[in-house]
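Below, chain A is the first sequence line, B the second, and so on; all start at residue 1.
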Amino acid sequence: MEKLSFEYPASDEKPKRAHVGVVGSGDLEILLEPSQDAKAHVTVQTSVSGFAETWKAVLDRFFANYQGATIFDIRDCGATPGTVAMRLQQAVEVSRQ
Amino acid sequence: MTTTVQLSEDVLALSTRRSYIEMNARARAAQLLDAGAFRELLGPFDRVESPWLPMQGIVPQWDDGCVVAKGTIDGVPAVAIALEGKFQGGSIGEVCGMKMAIALALARQDCERGIPTRAVLSLESGGVRLQEANIGELVIAEIYAELIALRKYVPVIVVIAGMTGCFGGMSLAAGLASYVVMTRQARLSMNGPEVIEQEAGIEELDARDRPLIWSICGGAQRHATGLADMLVEDDVAEIAHAVRTLFKRGQPARLRSDAHDLYIERLGRLDPAQEWTADQIRAVCKEQMP
Amino acid sequence: MSRGRIWFEALSGSSGRQSDGPGSLLLAEATLGGERVSYVALAPDAQARFPRARGGEVGVEEGWYGARTIRRIIDADGDSTKRPIVTIVDAKSQAYGQREELVGIHLAAAALISAYAEARVAGHPVIALIVGRAVSASFLVLCGQANRVLAFDDEQVLVHAMYKDAAARITRRTVEELDTLGATIVPMAYDIQSFDKLGGLYRLLQVASPDEPNVGTVEQVKLAVIDAIADARRGPRDLSSRLESEGAKQYRKASLIVRTKMAEQWTAQ
């Protein structure tokens with residue numbers, strides 16, 4: 001198990017909280033909550049160690065297009081980058097409902 | 001020239017069917033309750049999770065694989081409890097199991113105060129979570145005690161849909177329930193096929209023989225042998241309707257787990273020195289019908 | 001002879017054999033602490049009808065006949081004093097077999113669980129005395145619904161969800177890894193002292209030569225059971241003593257948090 005942390009600049013826009021996903025094989029769970037500062041704080045707890053670079057790449061790409069002041073808590077069980085990106089997008093969509 | 005194709009009712013019904021099996025635990029709990037009456041307790045945002053899994057490098061889930069939601073069923077207060085089969089095989093750990101036990105206890109306390117509160121359980125579970133072993137055993141015993149106490153007031157309904165199925169400690173919970181609803185895809189069995197093969201050898205049971213497995217413990221077989229009350233399609237509306245129908249029925253005339261004489265007599269009609277077939281059990285069950 | 005049978009005979013003074021039902025199900029009435037008690041046990045029966053239930057397992061016959069036995073005790077006592085029901089536990093596990101699953105062993109086990117719970121709720125002190133193994137369904141069925149559970153403090157006494165080799169295979173670990181985990185994760189450990197820490201036991205008994213009861217050790221165990229019966233009668237007829245224990249305060253903190261928080265959220269709007 002590995003724990004990773006990332007931080008991205010954000011606007012002041014505070015989204016509604018959202019929860020998506022399942023900690024099942026090849027999947028991940030995301031808790032999205034508003035942050036108190038103009039930043040996006042991401043913590044990843046993953047069952048697969050050694051992929052910090054891959055996580056950074058996926059998250060860099062995601063946060064290039066998303067500026068919510070948020071806390072993303074991610075629990076991963078070996079999801080592919082594609083699945084991660086899909087769940088991140090899903091979390092944002094739910095937060096906008 | 002254009003032609004109009006008339007779709008038969010069956011085909012139309014199929015196309016509007018929504019799969020319950022594909023739903024996660026949260027969606028299932030919501031579907032079992034009346035629309036708009038879903039209030040989750042100890043949901044993921046409360047972050048009450050397993051203290052034991054991180055100690056062994058396993059990523060926990062914030063609801064520990066169990067969704068508890070208050071609401072109503074046909075307007076009557078109810079609690080829906082749904083296990084997430086995709087998290088650790090739906091296995092019962094400390095938090096998951098306690099959420100179940102306490103939800104049943106709180107429902108019973110409301111019943112005692114004159115507020116009948118129904119309980120429906122969507123069970124997808126391989127049994128006790130081995131990573132929490134003995135606490136799992138203790139908690140499962142507490143689930144049984146609370147289920148037994150609650151079913152005196154209101155029926156307790158178990159829904160098993162698949163694809164995880166209902167095994168181990170949770171199969172006994174299904175045995176204690178007032179009513180059991182199963183799909184054809186669902187399985188209900190104390191020991192999973194792999195465990196039987198492991199303990200008793202491949203001659204006893206070949207765990208890869210899927211038709212054999214379902215013929216022993218699949219929904220159709222369980223329904224045909226009186227161990228499930230309703231056999232339903234994998235359709236949200238049909239399953240929710242089955243649950244409502246059973247609650248409307250009220251308390252069963254006799255709990256399945258109280259039917260000692262019936263099952264002792266069934267054992268007497270079968271010879272364990274011989275091989276048994278699924279059809280044989282169905283036949284014996286039919287013989288016993290009044 | 002299994003330890004279960006040895007201690008059943010030593011405590012009850014009887015072989016426990018019944019005229020109907022499986023030979024594995026032992027039942028005897030006796031006097032203990034001046035009152036009538038019923039002793040129950042499961043023991044291996046080489047002549048058992050079900051080939052997969054000859055080693056003292058909880059099988060379909062044990063479940064259904066056991067349930068009927070407990071129900072008859074409840075009915076016999078009716079409105080008079082509810083006698084203690086003392087189960088001597090040394091049962092390998094549930095029975096593993098195709099016939100068992102076909103005829104619904106999950107329901108047979110549920111029936112016996114239900115009967116023990118009904119007895120407890122009716123006011124019978126339900127006591128489980130673990131002298132050997134109580135693993136998987138044999139724990140849940142024979143001990144799970146007891147007011148008070150006692151166990152011998154001995155290497156051969158095992159309470160667990162699954163035997164080590166099977167658990168290793170299913171969790172894809174080695175047995176050595178399970179041992180290492182058990183050293184720091186108390187609920188996974190296999191020794192009875194670790195199970196005692198969780199608050200599920202009323203007492204751990206140090207009994208000399210547990211394979212060979214003598215007058216002294218039988219008296220010792222009887223006194224412990226009498227004490228457990230009295231304690232059960234002082235408390236409520238539910239399983240709350242487990243969660244109120246010192247062990248639970250230390251090792252089931254999450255359970256207590258769930259209990260408190262869910263009650264708060266249940267009534268909040």
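Using a 4.5 Å heavy-atom cutoff, the side chains of C:Phe50 and B:Leu267 are in contact.
Nearest heavy atom pair, residue B:Glu137 against residue C:His160, reads OE1-O, 4.1 Å. Heavy-atom minimum distance, B:Val95 versus C:Ala254: CG2-CB, 3.9 Å. Contact detail for B:Leu42 and C:Lys261: the closest heavy-atom pair is CD2-CB, 3.6 Å. B:Glu204 approaches C:Gly97 most closely through the heavy-atom pair OE2-CA, 3.3 Å.
For NZ of C:Lys82, the number of neighbouring non-hydrogen atoms (other residues, nucleotides, ligands) closer than 6.0 Å is greater than 12. More than 12 heavy atoms of other residues, nucleotides or ligands shown are found within 6.0 angstrom of CZ on B:Arg47.
Separating the CG atom in B:Asn134 from the CD1 atom in C:Ile192 is a distance of 8.0 Å, to the nearest 0.5 Å. Between B:Leu106 atom CG and C:Met262 atom CE the span is 7.5 Å, to the nearest 0.5 Å. If you take CZ on C:Arg252 and CE on B:Met98, they are separated by 5.5 Å, rounding to the nearest 0.5 Å. For the atom pair CD (B:Gln198) and CG (C:Asp165), the distance works out to 7.5 Å, reported to the nearest 0.5 Å. Note that CG of B:Leu138 is 8.5 Å distant from CG of C:Leu201, once rounded to the nearest 0.5 Å. The line from CD1 of C:Ile113 to CG of B:Leu147 is 10.5 Å long, rounded to the nearest 0.5 Å.
Here the side chain of B:Lys70 pairs a donor or acceptor atom with the backbone of C:Trp266 at under 3.5 angstrom. Side chain of C:Arg71 to main chain of B:Asp258: no donor-acceptor pair is present (N/O by atom type, distance under 3.5 Å, no hydrogens or angles). For B:Glu142 (side chain) and C:Leu239 (main-chain N/O), no donor-acceptor pair under 3.5 Å exists by modelled atom type.
With a 4.5 Å cut-off on non-hydrogen atoms, B:Arg129 does not touch chain C at all. For C:Arg52, the part lying under 4.5 angstrom from a heavy atom of chain B is the side chain only. The part of B:Glu132 that comes within reach of chain C is its backbone (N, CA, C, O), which places non-hydrogen atoms under 4.5 angstrom from that chain. When heavy atoms are compared at a cutoff of 4.5 Å, C:Ile170 approaches chain B solely by way of its side chain, counted from C-beta outward. Both the backbone and the side chain of B:Ala107 come within less than 4.5 Å of a heavy atom in chain C. Interface remark: B:Gln274 contributes backbone atoms only to the contact with chain C (heavy atom separation under 4.5 Å). Contacts between B:Thr117 and chain C at a heavy-atom distance below 4.5 Å involve the side chain alone, from C-beta outward. Only the side chain of B:Ile281 comes within contact range of chain C, with at least one heavy atom under 4.5 Å from a heavy atom of that chain. Contact annotation for B:Arg151: only side-chain heavy atoms (C-beta onward) come within less than 4.5 Å of a heavy atom of chain C. Proximity to chain B is limited to the backbone of C:Ala189, based on heavy atoms less than 4.5 angstrom apart. Residue B:Ile92: no heavy atom, backbone or side chain, is found under 4.5 Å from chain C. Looking at B:Gln221, the atoms closer than 4.5 Å to chain C (heavy atoms on both sides) all sit in the side chain, from C-beta outward. Both the backbone and the side chain of B:Asp46 come within contact range of chain C, each with at least one heavy atom under 4.5 Å from a heavy atom of that chain. Contact of C:Ser136 with chain B is made through the backbone alone, with heavy-atom distances under 4.5 Å. For chain B, no part of C:Tyr163 is nearby; none of its heavy atoms comes within less than 4.5 Å. Contacts between C:Ala95 and chain B at a heavy-atom distance below 4.5 Å involve the backbone alone (N, CA, C, O). No part of B:Glu146 comes within reach of chain C, as not one of its non-hydrogen atoms sits under 4.5 angstrom from that chain. With a 4.5 angstrom heavy-atom cutoff, B:Val68 touches chain C only via side-chain atoms.
Below 30°, between 30° and 60°, or above 60°: for C:Trp64 and B:Tyr263 the angle between ring planes is below 30°, a parallel geometry.
Between chain C and the residues B:Ile196, B:Leu41, B:Asn191, the most heavy-atom pairs under 4.5 angstrom are made by B:Asn191. Listed options B:Ser257, B:Ser189, B:Gly226, B:Gly175 were ranked by heavy-atom pairs under 4.5 angstrom with chain C; first place goes to B:Ser257. Per-residue counts of heavy-atom pairs under 4.5 Å with chain C were compared for B:Arg266, B:Glu49, B:Met55; the largest is that of B:Met55. When each of C:Glu177, C:Arg169, C:Glu264, C:Glu61 is scored by its heavy-atom pairs under 4.5 Å with chain B, the top score falls to C:Arg169. Top candidate by heavy-atom pairs under 4.5 Å with chain B, chosen from C:Ala137, C:Gly199, C:Ser114, is C:Ser114. Of all the listed residues (B:Gly136, B:Pro51, B:Ala103), the one sharing the greatest number of non-hydrogen pairs under 4.5 Å with chain C is B:Ala103. Per-residue heavy-atom pair counts under 4.5 Å with chain C were compared for B:Val128, B:Leu176, B:Leu255, B:Leu205, and the maximum is reached by B:Leu176. Put simply, of B:Ser171, B:Gly168, B:Ala173, the one with the most heavy-atom pairs under 4.5 Å next to chain C is B:Ser171.
Of all residues in residues 98-111 of chain C, those placing a non-hydrogen atom less than 4.5 angstrom from a non-hydrogen atom of chain B are C:Gln98, C:Arg99, C:Glu101, C:Leu102, C:Val103, C:Gly104, C:Ile105, C:His106, C:Leu107, C:Ala109, C:Ala110, C:Ala111.
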Decide side-chain contact (heavy atoms from CB on, under 4.5 Å) for B:Gln56 and C:Arg173; before the verdict, give the C-alpha distance in whole Å, the side-chain angles of both, and the deciding distance to 0.1 Å. CA-CA 11 Å; B:Gln56 42 202 299; C:Arg173 296 197 191 271; 4.0 Å; yes
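Using a 4.0 Å cut-off between charged side-chain N and carboxylate O, C:Glu118 and B:Lys152 make a salt bridge.
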